[in-house]
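Since the structure is predicted, the reported quantities are computational estimates derived from the model, not experimental observations. A note on names: the letters A, B, ... follow the listed sequences, proteins ahead of strands, and every chain is numbered from 1.
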Amino acid sequence: MSAIRHALTVTRDSDFAAWYQEVISEAEMAEESGVRGCMVIRPWGYGIWERIQALMDARIKAAGVENCYFPLFIPLSYFAKEAEHVEGFAKEMAVVTHHRLIGDGKGGLVPDPEAKLEEPLIVRPTSETVIGAAMARWIQSWRDLPLLTNQWANVVRWEMRTRMFLRTSEFLWQEGHTAHADRADALEETLRALEMYRSFSEESLAMPVIAGEKPENERFPGAVATYSIEAMMQDGKALQAGTSHYLGTGFAEAAGIQYQDREGKQALCHTTSWGVSTRLIGGVIMTHGDDDGLRVPPAIAPQQVVILPMLRDDDGDAALLAYCEELRRALVAQFALGEPVRVLLDKRPGKATGKRWGWVKKGVPLILEIGGRDAASGQVSVLRRDRLWREDGKPNFIAQARDLFLAQATSEIENIQSSLHAEATSRRDANIVRGLVSFDALAEHFAESARYPGWVELGWAKPTGAELEDVVTRLKALKLTIRNTPMGGEGVTGNCLFTGKPATERIYVARAY
RNA sequence: CGGGGAGUAGCGCAGCCUGGUAGCGCAUCUGCUUUGGGAGCAGAGGGUCGGAGGUUCGAAUCCUCUCUCCCCGACCA
């Protein structure tokens with residue numbers, strides 16, 4: 001059978017959750033911090049986040065949205081103004097109540113009772129309320145609209161159960177907040193952000209997603225409509241990878257965001273908010289990772305090429321390093337995916353073979369191992385991370401003339417990006433089941449394929465209120481959730497799986513993170 | 001927050017029941033030999049046993065409290 005000795009000890013098949021954690025730890029992306037639910041993001045993980053930030057920020061700015069920054073602390077009274085919103089977040093908010101410590105007489109420190117805050121401060125779980133207060137000051141006239149803002153920040157949600165990158169107590173994100181004159185304009189912005197997330201996921205993360213509207217039971221607290229992009233992980237579960245909300249006038253009413261229209265009348269603004277977070281990194285791991293670690297799509301790889309000189313600790317090293325340095329210079333002068341190629345010449349002491357597995361686990365798209373013979377004969381040995389193994393179970397190094405490699409480097413990098421996307425897309429499509437005609441058939445489907453259940457696409461009559469609650473409860477018994485209604489998902493035939501009424505739209509049903 | 005498991009060297013673990021000088025493997029460091037595909041041999045360094053109290057002549061080990069992590073639930077824009 002396979003003689004392959006994988007770089008990880010746990011495979012995806014044997015224990016997906018343990019595999020996920022081993023990737024993060026072995027790729028040196030993040031580690032425990034000692035604070036409940038909070039992680040230290042290490043250089044490789046943070047480097048990926050910085051790439052995501054750079055590419056997403058460019059898209060945000062291209063849409064005319066301006067960055068700004070609001071405080072970490074939000075007065076409790078701001079939250080109290082929007083009832084649904086505060087109710088949705090009340091159970092997971094960190095609260096600051098004191099501003100000074102005092103000795104407890106036993107060598108420890110306790111909050112000083114004398115230093116209790118008049119009004120508790122919330123550590124932001126999201127910033128609608130504080131940004132809304134600013135919008136109320138900034139907007140006077142219809143000429144001030146639309147107001148398009150975004151901030152890159154950390155937020156805190158005191159989750160009961162946390163998982164690295166997927167659900168941490170503190171996480172990094174961008175939150176866009178916009179105010180508009182009317183519903184149509186706000187809804188257009190909501191959907192523009194959704195499309196921005198969809199195309200970013202597909203193009204930059206090589207992660208196929210389905211963009212659509214969440215059912216009403218999954219709406220953001222206080223929102224009129226919530227949209228999401230949903231990605232399928234390799235265990236068949238769904239990951240909500242980004243959300244965009246049309247908030248109606250509820251937040252405007254609570255914060256007093258109004259403007260004088262062309263007729264001179266006061267009117268409430270329609271607001272939106274939208275965000276993606278460090279959760280995207282978890283999605284990338286579970287979309288592209290394999291039994292040898294991470295595979296980073298080149299667009300978001302901190303380094304796209306790593307050059308490993310096979311140092312011998314002798315007189316030949318100088319010439320070898322010179323050859324590698326020249327190779328590095330030739331590569332960084334090239335462009336791939338619209339940017340200069342990112343190359344690291346790894347000169348650290350140690351054997352190239354040992355260092356190689358570290359980069360394999362980190363998922364660098366291309367690894368070049370260069371020995372004295374390569375240097376002498378003008379060759380390179382190329383290892384593509386997405387085609388790691390030969391059939392005989394050995395690393396799939398391909399010896400190439402240096403000049404030929406340089407001529408093809410750009411297309412090679414771009415090909416890895418598209419290959420990862422194609423692989424993930426065909427896997428997702430192969431794991432979406434259609435045509436189930438009854439709830440029993442749905443239950444049977446997920447009972448039979450408990451390990452890789454994938455998603456089910458079906459038609460429903462979009463029940464609301466108590467009728468929807470009933471559907472949610474029945475699905476919950478199967479550990480299933482409604483993910484979203486894909487954009488353009490109307491016009492289905494047949495009957496609703498839950499109510500028996502004529503179906504009006506398509507939905508995706510899946511187990512979810 | 002409920003149920004279960006765990007915390008001992010950088011990583012993975014044994015020791016705990018039955019208290020008596022802190023162990024193993026990998027990794028690291030040094031030396032020698034090797035070395036074009038995840039090297040071998042020899043030697044060495046590294047730990048207030050998650051934290052705080054308690055019992056005891058003596059605590060990794062027994063008791064109490066607490067923190068953190070993992071799994072299953074509940075919760076989850």
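- Mapped onto RNA chain B by nearest heavy atom, A:Gly37 and A:Lys476 fall at different nucleotides, with A:Gly37 at the one closer to the 5' end.
- In this structure, A:Asn217 atom CG and B:rC76 atom C1' are separated by 13 Å, rounded to whole Å.
- Of the candidate nucleotides B:rC1, B:rC69, B:rC76, B:rC69 has the atom nearest to the side chain of A:Glu32.
- Ranking B:rC71, B:rU35, B:rC76 by closeness to the A:Lys351 side chain, first place goes to B:rU35.
- Comparing atom distances between the A:Asp374 side chain and each of B:rC76, B:rG36, B:rU68 picks out B:rG36 as nearest.
- Rounding to whole angstrom units, NZ of residue A:Lys91 and C1' of B:rC75 are separated by 7 Å.
- Pairing partner, B:rA27: none, since no Watson-Crick or wobble contact has both distances short of 3.5 Å.
- When rounded to the nearest whole Å, the span between CH2 of A:Trp173 and C1' of B:rC76 equals 14 Å.
- Each of B:rC72, B:rC71, B:rC70 was ranked by its minimum atom distance to the side chain of A:Ala17; first place goes to B:rC71.
- Between A:Thr353 and B:rA39 there is a side-chain polar atom (N or O) within less than 4.0 angstrom of OP1 or OP2.
- With B:rU35, B:rA74, B:rC71 as the candidates, the nucleotide lying closest to the side chain of A:Arg312 is B:rU35.
- Side chain of A:Ser381, nearest nucleotide from B:rC69, B:rG36, B:rC71: B:rG36.
- Distances from the side chain of A:Arg161 to the nucleotides B:rC70, B:rA39, B:rC72 place B:rC72 closest.
- Listed nucleotides: B:rC71, B:rC76, B:rU68. Nearest to the side chain of A:Gln21: B:rC71.
- With RNA chain B read from its 5' end, the first of the two nearest nucleotides for A:Lys361 and A:Arg219 is the one closest to A:Lys361.
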